[in-house]
J.: 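Please read through the structure below; I'll follow up with questions.
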There are 2 protein chains.
Amino acid sequence: MAVQDRRQATIYEVAQRVGVSIATVSRALRGTDYVAPETRRRVLAAVEELQFRPSRLGQSLAEGRHAANGIVFPDLSGPYYSEVVLGYEEVAAELGNSVLILATHGRPDPARKVLELARRVDGMVVMGRTVADGIVAQVAETGVPTVLLARAAVGALDTITADNDSGARRLVEHLLGHGYRRFAYLGDPDTSPDVTDRYGAFRAALADAGHTPPRAPVRCAFDVDAGHRAARRVLAGPSRPQALVCANDEVALGALAAAAELGLTVPTDVAITGWDDVMAARYAGLTTVHQPMRKLGATAARWLHDRMAGSQDAVRREVLPTRLVVRSSCGPHSAETEV
Amino acid sequence: MAVQDRRQATIYEVAQRVGVSIATVSRALRGTDYVAPETRRRVLAAVEELQFRPSRLGQSLAEGRHAANGIVFPDLSGPYYSEVVLGYEEVAAELGNSVLILATHGRPDPARKVLELARRVDGMVVMGRTVADGIVAQVAETGVPTVLLARAAVGALDTITADNDSGARRLVEHLLGHGYRRFAYLGDPDTSPDVTDRYGAFRAALADAGHTPPRAPVRCAFDVDAGHRAARRVLAGPSRPQALVCANDEVALGALAAAAELGLTVPTDVAITGWDDVMAARYAGLTTVHQPMRKLGATAARWLHDRMAGSQDAVRREVLPTRLVVRSSCGPHSAETEV
DNA sequence: GACCGTTCCGGAAGCGCTTACAGTGGCCCC
DNA sequence: GGGGCCACTGTAAGCGCTTCCGGAACGGTC
């Protein structure tokens with residue numbers, strides 16, 4: 001007792017102190033098999049005295065599992081990703097798994113990082129445009145259950161997404177209802193599968209209604225500053241669009257700021273819409289499309305858990321509904337449709 | 001080649017295939033010792049053929065380290081925590097560590113979860129009011145380097161916080177400058193060390209200026225809805241305060257909504273301030289105190305890394321500066337002080 | 001009293017790596 | 001031509017657990 005031992009006690013020391021075998025200590029601790037009450041008591045006492053905590057590595061190695069799973073996402077910045085990750089962590093932890101996170105954004109060689117992550121977990125979810133499909137397939141082939149989130153299906157993997165398609169169509173219909181005909185799309189459809197879908201549906205909806213979609217999107221990153229710069233360019237240019245459809249709320253928020261700077265009134269001079277329905281959208285009066293972020297994360301965690309438990313059920317694909325949230329930035333409305 | 005083996009190949013199979021010992025395979029792979037070029041080539045070829053990936057558990061057990069560290073926070077919801085976590089993940093990953101996250105919010109028995117996390121990492125940071133000091137001390141005693149973030153120092157642990165004190169004082173001074181004398185504080189100082197400090201400094205600043213601080217805070221959770229409800233109660237009650245100082249931006253955002261509902265104009269009828277400077281604050285014209293969230297996380301990760309590397313340097317304590325961001329919600333200003 | 005089932009426990013074999021230690025040749029040098 | 005060094009490789013001892021297998025003790029049954 002005298003000198004505190006810095007080293008963690010091992011199961012051997014506990015066994016020795018009690019005068020039993022390590023097998024008995026293990027059994028007493030996990031309650032997996034018969035152990036005499038008195039023996040168990042003495043084991044627990046020794047555990048207490050020695051401050052023994054079983055090594056997670058030893059356990060995992062012996063059990064052949066990590067009791068952990070991971071989530072890969074492009075970036076945690078922005079409310080969207082963090083909400084999804086939170087939803088994920090919440091149920092993963094509930095199901096007894098530790099969660100490892102990996103943000104690939106801007107990192108060199110994300111593939112290596114993802115493969116590395118795959119070696120420390122029993123399962124993982126890959127979100128959005130993080131690594132190439134080939135890498136995902138490679139991970140899945142190593143036997144690590146994988147579920148895809150907000151990204152196009154790859155092979156026979158469970159995939160969960162939000163309904164970008166209907167969301168975009170409803171948004172376009174609403175805007176057309178306001179009478180707008182000249183549109184611009186802000187954001188880069190190539191950097192996120194979700195946005196690819198949204199942009200595609202946006203164009204399709206316009207075409208279906210007999211209107212010509214813009215020639216090309218105004219490419220910009222998905223943050224406020226990039227949206228701000230892109231919007232300035234578009235709004236200051238010739239033949240100003242009547243409506244700016246933005247890839248996400250951050251871009252739209254930047255666009256709102258740009259419009260204000262240019263002395264333009266929203267929605268009178270230009271309508272602006274976002275996507276995600278982040279908190280700021282509400283205060284900016286931004287019309288947007290709501291995504292069930294927590295639920296996306298939670299569902300992914302649950303599905304992954306099923307697969308890790310060995311489920312051989314048919315591949316699951318689900319598209320969670322989105323909801324058009326009409327606020328003031330898209331045009332005049334008689335009554336507040338949403339708050 | 002014929003049938004894909006579901007099982008991961010082990011180092012033994014690689015060794016057998018090449019006709020060398022596992023030691024040689026290990027050496028060839030990690031490059032830690034002499035291996036004949038030709039041998040290495042053959043090893044790498046076998047690795048490729050068998051799709052061998054070393055087991056992280058085997059490695060960790062042998063090396064005696066996890067190559068991972070963890071962060072514990074109360075909740076990821078809200079932009080504040082997610083930004084800190086992102087800043088943390090960014091540098092931790094850069095330094096070669098996987099990141100485990102654990103949100104304690106609302107979970108039963110957070111202590112057990114934290115202790116469990118401690119067993120799977122080489123070091124961890126504990127943020128805010130998550131577990132009792134005793135648990136933190138216990139973790140630290142097991143030899144897992146620990147750094148504290150946005151929480152009062154415990155024992156000889158590195159601790160990093162934001163400057164709540166000066167922030168709150170500057171805020172109060174500014175509000176007094178507007179002529180306000182009747183204040184209310186929204187938020188529960190007992191649920192976050194940061195807020196405890198802010199509230200304390202808020203009262204002290206008022207007292208120092210010869211004014212009487214409010215008798216007690218208006219306790220509410222740190223989200224928009226709670227802020228909204230609390231503000232409604234306060235604003236609709238008798239002797240309406242002239243200024244609502246809120247524990248964080250979310251509460252303040254809720255308060256803004258409440259004021260609007262009650263037909264009160266901000267800041268004419270009531271001034272409202274927040275804390276954190278989240279994105280929405282900008283669009284809501286909210287006067288607030290900016291915190292360097294990314295930097296908090298990044299610094300914690302760096303310090304933790306030093307400790308994990310065995311640094312025995314003196315205990316580090318740092319208080320990162322905060323910045324008063326004046327917008328429209330606190331009163332009339334001749335020119336925009338901040339955007 | 002032989003037999004059997006139950007309870008309890010120890011021995012030992014893994015799990016998949018890393019690395020200390022001990023060679024074994026080959027080559028160079030005096 | 002013997003000694004020494006260097007490049008390279010194998011042996012084996014861990015790392016700290018879990019769990020299979022089998023043995024011992026004990027009580028109850030026919």
Side-chain angles (χ1 to χ4, degrees), chain A residues 5-44 46-47 50-68 116 118-122 142-144, chain B residues 5-44 46-47 50-68 116 118-122 142-144:
Chain A
D5 198 351
R6 212 88 290 272
R7 245 187 78 266
Q8 273 291 310
T10 71
I11 199 172
Y12 292 96
E13 298 162 50
V14 176
Q16 187 173 21
R17 184 177 201 97
V18 181
V20 296
S21 72
I22 59 167
T24 299
V25 174
S26 176
R27 281 188 290 248
L29 253 25
R30 7 184 61 221
T32 52
D33 208 344
Y34 297 116
V35 171
E38 170 60 13
T39 308
R40 150 174 268 112
R41 205 193 49 68
R42 284 168 48 222
V43 167
L44 295 182
V47 164
L50 297 173
Q51 284 292 309
F52 168 72
R53 302 272 174 268
S55 146
R56 183 69 241 179
L57 287 171
Q59 277 180 309
S60 289
L61 187 60
E63 285 174 359
R65 62 186 224 106
H66 299 268
E116 199 175 300
R119 295 197 303 131
R120 10 174 96 248
V121 297
D122 301 316
T142 64
V144 176
Chain B
D5 198 351
R6 212 85 295 267
R7 244 186 78 268
Q8 273 291 311
T10 70
I11 198 172
Y12 292 96
E13 297 161 51
V14 176
Q16 187 173 21
R17 183 176 202 99
V18 181
V20 296
S21 72
I22 59 168
T24 299
V25 175
S26 176
R27 283 189 287 247
L29 254 24
R30 8 185 60 221
T32 52
D33 208 343
Y34 297 118
V35 171
E38 169 61 11
T39 308
R40 149 174 269 114
R41 204 193 50 67
R42 285 169 46 224
V43 168
L44 295 181
V47 163
L50 296 174
Q51 284 292 306
F52 169 72
R53 302 273 173 269
S55 147
R56 184 68 242 181
L57 287 172
Q59 278 181 307
S60 288
L61 188 59
E63 286 175 358
R65 61 183 226 109
H66 300 267
E116 199 175 300
R119 295 197 304 135
R120 8 173 97 249
V121 297
D122 301 316
T142 65
V144 176

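So that the names make sense, note that chain A is the first sequence line, chain B the second, and so on, each numbered from 1. When reading the values below, keep in mind they use all heavy atoms of this one structure, side chains included, and skip hydrogens, waters and symmetry mates.
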J.: Which donor-acceptor pairs under 3.5 Å do side chains of residues 18-31 of chain A form with protein atoms, sequence neighbours excluded?
T.:
unit_1 : atom_1 : unit_2 : atom_2 : d
S21(A) : OG     : A23(A) : N      : 3.4
S21(A) : OG     : T24(A) : N      : 3.4
S21(A) : OG     : T24(A) : OG1    : 3.4
R30(A) : NH2    : E63(A) : OE2    : 2.7

J.: Find the distance R119(A):CZ to dG16(C):P and express it as a whole number of Å.
T.: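 The distance from CZ of R119(A) to P of dG16(C) comes to 14 Å, rounded to the nearest Å.
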J.: Rounding to an integer number of Å, can you tell me how far R53(B) CZ sits from dC17(C) C1'?
T.: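 Distance check: R53(B) CZ to dC17(C) C1' gives 16 Å.
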J.: Quick one: side-chain contact (heavy atoms from CB on, under 4.5 Å) partners of A62(B), sequence neighbours excluded?
T.: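 Once residues adjacent in sequence are excluded, A62(B) has no partner under the side-chain contact (heavy atoms from CB on, under 4.5 Å) criterion.
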J.: Test of understanding: with side-chain hydrogen bond (donor to acceptor under 3.5 Å, both in side chains), list the residues that count as partners of R119(A), not counting sequence neighbours.
T.: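 Testing R119(A) for side-chain hydrogen bond (donor to acceptor under 3.5 Å, both in side chains), a comparison that skips the adjacent residues, returns Q59(B).
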J.: Ignoring hydrogens and geometry beyond distance, is the side chain of Y12(A) in donor-acceptor contact with the base of dC17(D) at under 3.5 Å?
T.: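 Between dC17(D) and Y12(A), which were checked side chain against base, a qualifying N/O pair under 3.5 Å is present.
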J.: In degrees, rounded to 10°, what is the bend between the two ends of the helix from dG1(C)-dC30(D) to dC30(C)-dG1(D), using five pairs at each?
T.: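 One end's axis against the other's: 60°.
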J.: Identify, with sequence neighbours excluded, every residue that meets side-chain contact (heavy atoms from CB on, under 4.5 Å) alongside L57(A).
T.: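 L57(A): side-chain contact (heavy atoms from CB on, under 4.5 Å) contacts with S55(A), L57(B), S60(B), L61(B), H66(B).
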J.: Write down the atom of R56(A), the atom of A67(A), and the distance for their closest heavy-atom approach.
T.: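 For R56(A) and A67(A), the tightest heavy-atom pair comes out as NH2-CB, 3.7 Å.
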J.: Tell me: CD1 of I11(A) to C1' of dT19(D), nearest whole Å?
T.: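 Interatomic distance, CD1 of I11(A) to C1' of dT19(D): 11 Å.
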J.: Got a sec, which residues hit salt bridge (charged side-chain N to carboxylate O under 4.0 Å, His left out) with R41(A), two or more places apart in sequence or on another chain?
T.: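 In terms of salt bridge (charged side-chain N to carboxylate O under 4.0 Å, His left out), with neighbours along the sequence ignored, R41(A) is linked to E38(A).
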J.: Please identify each residue that fulfils side-chain hydrogen bond (donor to acceptor under 3.5 Å, both in side chains) with E116(A), with sequence neighbours left out.
T.: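 side-chain hydrogen bond (donor to acceptor under 3.5 Å, both in side chains) list for E116(A), sorted by chain: R112(A).
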J.: Within this structure, what is the CD-to-C1' distance between E13(A) and dC17(D), rounded to whole angstrom?
T.: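 Nearest whole value for this atom pair: 13 Å.
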J.: May I ask you to list the residues of residues 54-67 of chain B, by number, that have any heavy atom positioned under 4.0 Å from an atom of DNA chain D?
T.: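 Output list: L61(B), A62(B).
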J.: Does dC17(C) have OP1 or OP2 under 4.0 Å away from a side-chain N or O of R30(B)?
T.: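 For R30(B), the contact criterion (side-chain N or O under 4.0 Å from OP1 or OP2 of dC17(C)) is not met.
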J.: Within the 4.0 Å limit for protein heavy atoms, which parts of nucleotides 6-12 of chain D are touched? Write it as a string from 5' to 3', B for base, S for sugar-phosphate only, - for none.
T.: -SBBBB-
J.: Show me the protein contacts with nucleotides 22-28 of chain D, counting only N or O atoms at under 3.5 Å.
T.:
none

